[in-house]
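Reading through the structure tokens given below for one structure.
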Amino acid sequence: MRPQARSQLALFFILLCPVNIIGLWWAVGSPLVMDPNSICRKTKRLAGRQAELCQTQPEIVSEVAKGARLGVRECQFQFRFRRWNCSSHSKYFGKVLQQDIRETAFVYAITAAGVTHAVTQACSMGELLQCGCESPRSRAPPRPAGTPPTDGVRWEWGGCGDDVEFGYEKSKQFMDAKRKKGKSDIRTLIDLHNNEAGRLAVKNYMRTECKCHGLSGSCTLRTCWRKMPQLREVGERLLQRFNGASKVMGGNDGNTLIPVGQNIKPPDKQDLIYTAESPDFCLPNRKTGSLGTRGRPCNSTALDVSGCDLLCCERGHRDETVELEENCLCRFHWCCVVQCKKCSVRKDLSLCL
Ligand SMILES: *[C@@H]1O[C@H](CO)[C@@H](O)[C@H](O)[C@H]1NC(C)=O
Ligand SMILES: *[C@@H]1O[C@H](CO)[C@@H](O)[C@H](O)[C@H]1NC(C)=O
């Protein structure tokens, strides 16, 4: 079976799962390792809107799956120097997702953002029938505020703008899927809020890019289009939101969220929210999903989260010199092979005790 088709099926499985969309994803490790047949059988139980989407738009489902994977990879990049490193170790990851901590908020947000991004990107690349470049709209021409309309330059929308609205809607349809009954409404409100925060981290940061047209370098016409931020940029922005995440609690009616703490401004739509404090992730703990930081490389000169003091939870570290094989003396042969030698390099590492 083509890998694409397989990941589609994997997503079916995830959509089916009433417990926790992302949690299940992780629980099985890579979606590609799942047995497609068992997933196929389960798709029969799919109901309503999602079943319709899965049957009528499988190629979108495949982009959704890709986006979720990219989101998780971005999570691992952003958290690479932290105690909790978004590691996909299945059992432990599932535990983290069952809680209501900042880390959970980040995973939901970056996954919803990844899906928005991947679907929109596929539209721009012409890979989907349902969407394409952003259609020329009736909005005002892209002339920036402050440029006089009499400067002889015409401004027009053109090129291929990213249709982020489409990606946003698809991410919403798939990621905000109904949860199992019995799960608290507050928990659902929080997950939906963090999903939205992730999508907005893409949608609210569209840039305008322009190109000049004109004879011999003159610029008599500028065509402009809207472009999404890179997923890396989205990840960085969400990491800032993670650092400034707002603690909330459920109101008495079970349907509202109230900020915890006095004089704290209520979180806006782009903020990440959580209800429970994170564990310290210092030692392995099955209950909290902590793998512990023993053996993790740390930076003995850094004072931030990547520094040995913080990362090793003050247990100390040992220094070790390791020999690594690296490519070196690479030469390019026309055309198109690169040949390298293997060199061993010594690296000094600090590892947490
Ligand atoms: C994340 O941390 C775990 C345990 O602390 C470690 O085994 C794993 O290699 C780390 N992953 C990455 C990508 O650094
Ligand atoms: C360790 O931290 C220092 C100070 O923050 C930084 O300059 C350096 O690049 C870090 N080293 C690594 C390997 O990340």
Side-chain angles (χ1 to χ4, degrees), residues 22-33 65-99 101-111 113-114 198 230-240 242-243 245 272 274 277-328 343-353:
I22 307 167
L24 230 118
W25 190 293
W26 281 89
V28 293
S30 154
L32 296 179
V33 303
K66 187 166 128 200
R69 281 199 301 273
L70 289 175
V72 165
R73 210 184 290 163
E74 185 59 27
C75 174
Q76 286 170 346
F77 178 82
Q78 295 297 339
F79 282 80
R80 66 202 183 285
F81 298 134
R82 295 181 174 242
R83 286 183 192 164
W84 178 74
N85 63 3
C86 207
S87 154
S88 56
H89 192 295
S90 58
K91 272 184 206 149
Y92 290 83
F93 195 82
K95 281 289 180 230
V96 167
L97 290 180
Q98 281 166 25
Q99 302 171 62
I101 53 180
R102 289 163 188 257
E103 285 78 7
T104 323
F106 187 89
V107 174
Y108 275 86
I110 194 73
T111 312
Q230 303 271 332
L231 195 57
R232 178 59 29 93
E233 190 188 324
V234 175
E236 276 157 14
R237 192 164 287 127
L238 287 176
L239 185 65
Q240 286 168 12
F242 171 88
N243 289 327
L272 298 186
Y274 66 100
E277 295 301 336
S278 304
D280 61 20
F281 293 109
C282 281
L283 298 171
N285 183 332
R286 277 175 185 278
K287 268 202 180 135
T288 59
S290 165
L291 282 162
T293 62
R294 196 189 156 139
R296 288 275 303 277
C298 61
N299 184 335
S300 55
T301 56
L303 298 171
D304 63 2
V305 287
S306 69
C308 292
D309 285 351
L310 277 175
L311 191 68
C312 310
C313 306
E314 310 208 326
R315 291 186 309 264
H317 64 274
R318 66 189 153 90
D319 294 316
E320 200 172 86
T321 306
V322 290
E323 287 211 1
L324 298 171
E325 286 232 310
E326 275 185 3
N327 287 333
C328 59
C343 301
S344 69
V345 276
R346 294 170 141 257
K347 278 222 167 115
D348 295 322
L349 282 184
S350 301
L351 301 172
C352 289
L353 293 176

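For ligands, and for the atoms within them, numbers begin at 1 and follow the listed sequence. All residue numbers in this chain count up from 1 along the given sequence.
Some N or O of G292 is nearer than 3.5 Å to an N or O of ligand 1, by distance alone. The shortest N or O to N or O distance between N85 and ligand 1 is under 3.5 Å.
Of the two cysteines examined, C352 and C312, the SG atoms meet the criterion of being under 2.5 Å apart.
Using bins of under 30°, 30° to 60° and over 60° for the plane-to-plane angle, the ring pair W84/F281 lands in the tilted bin.
Proximity of S306 to L311: side-chain heavy atoms (C-beta onward) are nowhere separated by under 4.5 Å.
The main-chain N or O of F77 is found under 3.5 Å from a side-chain atom of R80 such that the two form a donor-acceptor pair. Between the T104 side chain and the V96 main chain, a donor and an acceptor come within less than 3.5 Å of each other.
Salt bridge R82/E103: absent, no basic N to carboxylate O contact under 4.0 Å. Here E236 does not pair with R232 in a salt bridge; the nearest charged N to carboxylate O distance is not below 4.0 Å.
Under 4.0 Å from any atom of ligand 2, one finds heavy atoms of residues N299, T301, A302.
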